[in-house]
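Written out below as structure tokens is the structure these notes cover.
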Amino acid sequence: ALVAKVEKQAHEGLTELIREHAFVGCASEMAPLLQQGTKLYLVDLPPLTRETAYQSCLRKFGDVDRIALSPPAPVKTLVRAVLDAPEAGWAEGDGDKDET
């Protein structure tokens, strides 16, 4: 559903530019020049990179097959193990781990 939503909102012209561009050079560290046909584009790289990575992750995540665990995973035990890990940063003030 998320992939379909992103694809529906995609800008046709921008999608075509990304597919068919020729790299010309760099105007700065964060601004490459791309050419498509007779047009030259100055691209703001950080947001383009972020959006491209987001869409790539959505597509790859959507391609993962469902995993059936047999027997089913003991969710309560797994959550408690995560909360007990030092990386969780759980403090006494966060409440009782067993009630979470």
Side-chain angles (χ1 to χ4, degrees):
L2 265 177
V3 174
K5 181 180 177 184
V6 168
E7 288 174 351
K8 183 178 178 182
Q9 294 175 342
H11 185 279
E12 190 176 319
L14 184 56
T15 301
E16 189 175 311
L17 169 65
I18 298 303
R19 274 195 205 124
E20 301 173 2
H21 76 276
F23 175 73
V24 175
C26 290
S28 73
E29 282 184 11
M30 298 294 173
L33 292 167
L34 304 181
Q35 181 178 355
Q36 181 194 26
T38 59
K39 296 181 181 177
L40 189 62
Y41 296 90
L42 180 64
V43 178
D44 187 9
L45 196 55
L48 177 63
T49 304
R50 213 173 10 259
E51 184 64 23
T52 303
Y54 173 72
Q55 290 183 23
S56 177
C57 287
L58 279 181
R59 284 187 177 87
K60 289 180 181 182
F61 183 75
D63 286 341
V64 175
D65 291 331
R66 187 175 184 178
I67 300 171
L69 301 176
S70 182
V75 175
K76 186 175 181 178
T77 304
L78 294 173
V79 169
R80 180 60 192 242
V82 169
L83 294 176
D84 286 341
E87 296 87 359
W90 190 272
E92 285 184 31
D94 295 329
D96 185 2
K97 292 179 187 177
D98 290 325
E99 289 180 15
T100 300

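Since the structure is predicted, the reported quantities are computational estimates derived from the model, not experimental observations. Note that the numbering runs from 1 along the sequence shown for the chain.
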Through direct or indirect side-chain contacts below 4.5 angstrom among Ile, Leu, Val, Met, Phe, Trp and Tyr, which residues connect to Leu42?
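Val24, Leu33, Leu40, all in the cluster of Leu42.
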Smallest separation among heavy atoms of Ala88 and Val82, with atom names
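For Ala88 and Val82, the tightest heavy-atom pair comes out as CB-O, 3.3 Å.
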If you look at every heavy atom in Asp98 and Lys76, which pair is closest and at what distance?
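Scanning both residues completely, I find the closest heavy atoms to be O-CE, 4.4 Å.
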Apply side chain to side chain contact (heavy atoms under 4.5 Å, CB included) to residues Thr52 and Ile18 and explain how you reach the verdict.
CA-CA 10 Å; Thr52 303; Ile18 298 303; 5.8 Å; no
Test: salt bridge (charged side-chain N to carboxylate O under 4.0 Å, His left out). Region: residues 27-44. Which pairs qualify, not counting sequence neighbours?
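Matches after skipping sequence neighbours: none remain.
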Does Gln35 use its side chain to pair, donor to acceptor, with the backbone of Gly37 at less than 3.5 Å?
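Pair found, side chain donor or acceptor close to backbone of Gly37.
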Any donor and acceptor pair, going by atom type alone, linking the side chain of Trp90 with main-chain N or O of Gly95 inside 3.5 Å?
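Checked: pair present.
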Atom CD in Gln55, atom CZ in Arg50: separation rounded to 0.5 Å?
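Rounded to the nearest 0.5 Å, the CD-CZ separation comes to 13.0 Å.
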Using a 4.5 Å cut-off on heavy atoms from C-beta on, say whether the side chain of Leu83 contacts that of Asp94.
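No, their side chains stay 4.5 Å or more apart.
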Hey, are the side chains of Tyr41 and Leu14 touching, using non-hydrogen atoms and a 4.5 Å cut-off?
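Counting from C-beta outward, Tyr41 and Leu14 never come under 4.5 Å.
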As a quick check of understanding, evaluate side chain to side chain contact (heavy atoms under 4.5 Å, CB included) for Phe61 and Leu2, giving each step before the final call.
CA-CA 11 Å; Phe61 183 75; Leu2 265 177; over 6 Å; no
Is there a continuous path of hydrophobic side-chain contacts, each under 4.5 Å between heavy atoms, that joins Val43 to Phe23?
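Cluster IDs for Val43 and Phe23 match.
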